[in-house]
Structure formats: C-alpha cells, structure tokens
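To start, the structure under review is shown below, and the notes come after it.
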There are 4 protein chains.
Amino acid sequence: MPRQTFFNLPEDKRKKIIDIALDEFAGRPYSKASLSRIVARAGIAKGSMYQYFEDKKDLFMYLLELAAGEKLAYIEQEVDPGADFFTAFEQSMLAGIRFNLDHPKLSRVIANAMDSTGEEALHDFIVKGRKMTLEYFSQMVRRGQEQGSIRKDIDIKLASYMVSSMLSQGLTEYILDILGGSAVDDLLKKPELAERLNEEQIKGIIDETMKLLRNGLQP
Amino acid sequence: MPRQTFFNLPEDKRKKIIDIALDEFAGRPYSKASLSRIVARAGIAKGSMYQYFEDKKDLFMYLLELAAGEKLAYIEQEVDPGADFFTAFEQSMLAGIRFNLDHPKLSRVIANAMDSTGEEALHDFIVKGRKMTLEYFSQMVRRGQEQGSIRKDIDIKLASYMVSSMLSQGLTEYILDILGGSAVDDLLKKPELAERLNEEQIKGIIDETMKLLRNGLQP
Amino acid sequence: MPRQTFFNLPEDKRKKIIDIALDEFAGRPYSKASLSRIVARAGIAKGSMYQYFEDKKDLFMYLLELAAGEKLAYIEQEVDPGADFFTAFEQSMLAGIRFNLDHPKLSRVIANAMDSTGEEALHDFIVKGRKMTLEYFSQMVRRGQEQGSIRKDIDIKLASYMVSSMLSQGLTEYILDILGGSAVDDLLKKPELAERLNEEQIKGIIDETMKLLRNGLQP
Amino acid sequence: MPRQTFFNLPEDKRKKIIDIALDEFAGRPYSKASLSRIVARAGIAKGSMYQYFEDKKDLFMYLLELAAGEKLAYIEQEVDPGADFFTAFEQSMLAGIRFNLDHPKLSRVIANAMDSTGEEALHDFIVKGRKMTLEYFSQMVRRGQEQGSIRKDIDIKLASYMVSSMLSQGLTEYILDILGGSAVDDLLKKPELAERLNEEQIKGIIDETMKLLRNGLQP
DNA sequence: GATGAATGAGATTTCATTCAT
DNA sequence: AATGAATGAAATCTCATTCAT
C-alpha cells in the first residue's frame, strides 16, 4: 500500500507517476522493470519514490490493484448480474475485449502479473488474484446450473478454470493473431492495431466463442 | 546453439550442467535467472560456461528446445495419429498431464518461456513456439472436421486457440488446485504433491474435460 | 557530459576524482583504462561513478574537453591574435611547450585521444578534434598570406597539416629526446625531467624551428 | 620471436594466420585486439597459437617487424642512396605514399604501434622503432648538409624529427582529408578511397611538400 | 605438434535501497 | 516532505594464458 504521502500529492503529479510507472511495468517482466527509469522519466527524486511507496513490490501491487479495479468496474458496468449465464458471459467477454483494446497498458500490467509465476516477491499476490478470478467464474457457472442453463453434471471448478483460461489466454491470443500482431505486447507498441477490429468482427468472435461454449465441438 | 565444446563434455558433467541450469530457469523468469548462480552450483568456472554457450540466451534456448523436444516426443509416443479427434485429444491430454507431473522442471521451463512476453531477447523465439503449438492443434481440429467428428461450422483457428489455452493453462491450474498447491511452480518445490494424483483421478479429469469439449456447457 | 550530480560534489572530492581519472587515462590507451581502478584509488563506490558520468566514454570525453579547454586557454592567453603569422606561431609554440611541461597529464590525455584511432567509441569525437586543430592552423596560415608574411603560392591545407604535425608530434618528440626520455609518457613517470629544460633552451628550440619554417632547408 | 614451430608450418597456413592477425591488429589498438578472435577466424586451436608465438606481444611484434621490413624494402627499392637530399626525399615520399595506399593493412599496423605509447608491453619496442626512423632521416639530412644542399646552420636532430612527423603524420592526414576520409583507419574500411588518388595528384602533393621543405613559408 | 577445455581475474554497467540534509 | 548522493552486490561477458591429452 502506498504511504499517505502519495495520496497527499497534487493530482496531476500523482497521475503522472502512475502513468509512467504503468508504462514501465506494462512493457517488461516485473524483474526487468526499473525504478530508476521510472523516476528518471517522471522527473522526481528517487528518494521521493520511497516516500510514496515502500519498495518496488509495493508500487507494482498498487498499480496492479488499480488496473484490476478498473477492469472489474468496466466489466461490472457492462454485465447484468441478473441475466442468465450465457448472456452474462457474453457481456463479460465483450467488456473484457473492449477493456483490453481501450486500455492496453492496464491490461498488460495485469497479464504481466499473472505470468509472473516464479517471482518470489509476488507469489502470494498472484495466488490471491487467481483465486478471485476463479471465484468470479465459479459463481457464474454455479448460478448457470441453478437456473438450468448449464448442465448439472458439470464440474464447476474444472469448468471455471477452463472458461477462465479461454478468456484470459485463448481469446487474447486469437485476437492478436487476427490483428496481425505476434506477441501479446505488440498492442502496446503498435496501438493502431487495435483499430482494425471493428464492432462486427468483435460480435463475430463472441458468437463463435459462445457457440463453442454452448454446444462444444461435436456435431 | 551450444558450441561443440559442450557436446564434447563427459556425459555426467554435461548432464549436471543441464540439470542445474534447468533448475535455475525453471524457478524464475528469464531475466532473473543467473549464470553466476549456475556456475557456482555446478562448480565450474564462469569462463567455461561461455565456452559451452554463446551467452545466456543461447543457454536458455538450448534448454527450451530440449524441454520442448522431450515433451513432444513424450506426447507423440502416446498419441495415435490415425485416431479420431476426440481420442487423439484425450491421449494428448493424458500425455501432457503425465509429462508435467513426471518432469516438472522441463515443464516449468517451457511455461516460463511462454510467459516471457516482454522479454525482448526471446520475442522471436516465443512467437515461433506459439505458432508451432497452434499449428499442432489446428491440424487436429481440421482433421476432426474432415472425419466428421467436429462440426463443420466451427472456426478452426479460434477453436485451436481455445483448446490450446485450456490445456496449457486451464487444466494445469485446475490440477494444481486440486493437488492443494497454489502457484504453478509449487510442484517444483513440493514434488511430493505430484504423487497425490492417482490414475483414477487423472482419468476423471480427462473425462470431465472431454465432456465439456464434446458437448459444451448447455444441457 | 557529466551529470549534475558531479558538479554538485564538494570541490575537493571532485578535484580528486578528476585528478585520479586523468592519471588513469593519461597513462594508457582508452581501452585499457579502468573505471574499477579509478574508483578503487578514489575510494568511492563503483555505483557512484555512474551517478557522476554516464559511462566510461562520458568520463573520458569530459576529461578530454577539460584538457583541451585548458590548453586552448593557455595558448590564447599567450598568443596575440593581431600579430603577424610568424610572431603568432612563435607564441603558440612557446605556449604549447610550456603547457606540455607544466601539465604533462593533461597533455598526455589529449595525445592519447588523438592516437586513439580505431577506438570505435571515440571516432567521431577525435575527428571533430582534429578538424578544430586544423582549422586553427588554417586560419593562421591564411592570415599570414593575406598579411604578406607567407608566400601566396602555398597550399593552405597542406601547410596546415604539416605545421600541425610538426608541433604535435615532431616538436614533442624532439624535446623528449633532448631531455633524455624515451617514450612520450616518460614525462609522466619522471616529472623531474621537465625541469631540465631551461628558458634558454626553449628559446633555442623555438628559434631553430622558426628558421626551418621561414626558410626551409635549402641554403 | 615466433617459435620454430611457426616456421615449420605449411606456407599457406602460415600466410593465412599472418593475414588474419594483421587484419586484427590493423583495425584497433593493441590492447583491444583479441587473440580469441584471430584463432576463431583462422580456424586453428588457441593452444596452437601459443605453440607458434610466446604470447600476444610476441605475435604483434612479429607482425610489426614484418610490416616495417616490407615498408623499408619498398622504400629502399625506390630511393637512390646516392642522390642528393631533395631527390632522395622526394623518392622516399613517393614510395611512402604508394606503400600506404597499396598496403593499408601493413601501414595501419605500423601506425597503430607508433601510437601505442602507454602500452607498457610495447614500450621498449616502440622506442627502438622511433630511434631507427629518426636515424634514417638524420642520415639523410646529414648527407644533405655535406653535399651542400642543406644549410649548414640547421640542427640535424630537430630537422629530422620535423620531417619525420611531417611524413608520418601530416602528410598522411592531409591525403586522407582530400580523399574524403575522416579518420586514419577509414582507408581500411573503404579501400575504394585509395583509388581516387591518381598519379598526377600524388605528384602535385609531393611538389607542394618539397616546395615547403626547400624554401619554407616565407616569400 | 596440435588440440581445445579450463581457468579466473577483471571489465563495464545496473539496480533497489538507505539516509543525511 | 523532498531530495539525490552513496552504496555495493550482482549481473553478463571477454580475455590471455595454461596444460593434459
């Protein structure tokens, strides 16, 4: 957690720091991100950074919570909690895709974190994050079963892990592929890629995915 | 590619180096892995390492190819290429799971690499790896359609990305979850976890997954 | 350019660093000079050096500019810009000789740099330096022609290169020779050599050189 | 001095080693030249190099003597020892220029050595080389005086140092300048530069220089 | 005579963090 | 609250040289 000093900062300074730090952590793995580079770009003293945040990890976790919070808000705003499973899921997907395209930096920070297995310092935090994600999907699936839109004989946990990975990894890479990018962070370097994806295409992707999800692969 | 020097080494020395290096790269992101630590543990001179490998990247890529090669061999040995899609997929899954449990280190090195987006030095290599994986699944799906076991109206590419992510991420995390581990590399630290998973359980997981894959979620 | 940090240093510390660094760069070619040695002798942390200078090259170029600046100042102070060519040249020579004897370290750093052809990193800088030196002599010669003290049929550029090399190399080595030294940097190791050269001798050398320059070798 | 083993080598192998080593030492200062690079390019074992030469210095000095010998032979062949000073000097110049243009590698090795003041290991050798050069010019000048083509009141040593520096430095840089190169080793990288200099131009340069030498700058 | 693996010192550089001002 | 200098461990990599085979 940032220290109080950070929140006492004039808003534009605070925003600037956040923005530059996001930039840094979005573009490389946690261990390669550099505080030195951040303070240099932000034009603040290195010592100041340590008045604002305990250490590198503290900063990163703050950014991560920020990003996760924004993403959650974005999704919650688009998803009708009362809707049946498939509708809600569709809405989640759409919101997720839009968020990633609109906020590539936030989205990359989250993804970077989730990939940071083996980063001792982040271990617990990542575990917690995964648990929350899983919980989100578990609830959806459970409700789907209760409402009768999902078969009763489905293992909730397994299904949750599966749909979660489909959204966070499979879908992301698929979109990147059809956009012509190669690695996941190409969106950061070539923001114009995102504009190639129009509403219709997004709708097409979602429909295809829903079809898979509903009926599986078998004829 | 390692230099000839490396291959001229007595086998036990070569094995030892590989083993220790795998250990290093399995447990942390590429940028945090340390050649210094490796040579210290291996009891060889720093200069020697550079007689064997061009540089850090060269070493990592060698290990990665080694791991990928072993995994591929393992899977190919278990999968009947003539079988229909769902059978072949089942066999792939089983082989994949077994490989991960039997060779957690190799499996972690592969996973680490695939997560190393943003690692400039590895970019091209990772992209290539992803392409190959996708190709593998694409062919399976395509053949499945031709043989009539998969619906004709399914987008091959999308489906491939989805099943790929399910296997590489969703399934892995699910298994780890039921094993009681928390993060993906816990298997490295507590190898005894792997033994908790018996044949029956594995069969159960596979059956559940196949059900999802065949019929989707809908009743 | 050194970072601001360096200029904020207490003067004696700054001087000490400069002095030790000059020592290091005066005595060996650029590529053999060692930052590690400098910090060890200066009793500062290696990291500190990188707070002061961007890198080795930055440090060297700073020292070089320092030395060149001091030499230029020294010479300008002794040379009457309005004087006719031969007077001005005589004054230049005298100032140059005195500078080299009084500041052997600075003088060696400059000479080392000018010899550092093939030092990729310094290439552009050296070229620039040579251009400036040439320009200095070209102007002198050109003015000499305009004032009628130099023959009109003389190729300015060629003459400039020639007098430049005579001063920077021929004269230096001659003086060293009569002082009993052997290589150009012997003055650094045996500073007492310099004292052997008295005013009269210097005057003699200059007169001889001027004679050559004015009338050439022919009777 | 190379060991006997080196001279026992088949000629083409010996030539190849020499050629590649010349390449290495021509392009960078002694301390940056690398034996590792040489053996790699020559395709021989590192140990073999140490069967042929005592160490790096031994190799370099051999190359240097080789280059110096060739240059001397080249010059002696073109210079009539009985001719009067100015004729002999003219011939020397012409031969020197031609040698440098025809054998840029050899010429660069020599120049690199002469610039390697401060290179502890080479100190004595360089001193010796300079002495020999000086001796060469001293004799010329002395003979010139005896023959009456040079004024009697000229200091032989000073004049020798001056003409020596004019030829080895001033002239070289002048030629490079009009060829469009910037640093002395540009001739190595762009050999086509040399071809721009035709016979007539060379003659022009020599005439100009002789004029300076004979009559000095004064009208 | 040839080989080439082994060595280890040493080079430059980066980094997160501390702390006196 | 802000500063920014100081630190030193650690990283990657290069090199000349040795020596057993």
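This structure is a prediction, so every number in the text was calculated from the model and none was measured. Chain A is the first sequence line, chain B the second, and so forth, proteins listed ahead of strands; every chain is numbered from 1.
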Please list, for nucleotides 19-21 of chain E, all pairs of protein and nucleotide N/O atoms separated by less than 3.5 Å.
none

Inset, instruction - Taking ring pair (Phe, Tyr, Trp, His ring centres under 6.0 Å) as the test, write out the residues that go with D/Tyr50, two or more places apart. - result: none
Inset, instruction - Identify, residue by residue, the members of residues 32-45 of chain A with a heavy atom below 4.0 Å from DNA chain E, and return them in order of residue number, or none. - result: A/Ala33, A/Ser34, A/Leu35, A/Ser36
Legend entry - Set of residues satisfying side chain to side chain donor-acceptor pair (under 3.5 Å) with respect to D/Arg37, sequence neighbours excluded: D/Glu24
Inset, instruction - Give one of base, sugar-phosphate or nothing for D/Tyr52, where a contact means two heavy atoms less than 4.0 Å apart. - result: sugar-phosphate
Legend entry - Consecutive Watson-Crick or G-U pairs in runs of at least 3, all under 3.5 Å, in which DNA chain F is involved: E:2-21 with F:2-21
Inset, instruction - Report the residues that fulfil salt bridge (Lys or Arg N to Asp or Glu O under 4.0 Å) with D/Lys128, sequence neighbours left out, ordered by chain and then residue number. - result: none
Inset, instruction - Check salt bridge (Lys or Arg N to Asp or Glu O under 4.0 Å) between B/Lys105 and all other residues, then give those that pass, not counting sequence neighbours. - result: B/Asp19, B/Asp23
Inset, instruction - Return the residues of residues 53-60 of chain A meeting this criterion: a heavy atom under 4.0 Å from some atom of DNA chain E. Order them by number, or give none. - result: A/Asp55, A/Lys56
Inset, instruction - Tell me, please, which residues at least two apart from B/Phe25 pass ring pair (Phe, Tyr, Trp, His ring centres under 6.0 Å). - result: B/Phe60
Legend entry - Close residues, residues 9-21 of chain D, relative to DNA chain E [heavy-atom separation under 4.0 Å]: D/Leu9
Inset, instruction - State which residues pass ring pair (Phe, Tyr, Trp, His ring centres under 6.0 Å) with B/Phe125; sequence neighbours excluded, sorted by chain then number. - result: none
Inset, instruction - Please list, chain by chain and in numerical order, all residues satisfying side chain to side chain donor-acceptor pair (under 3.5 Å) with A/Lys46, sequence neighbours excluded. - result: A/Ser36
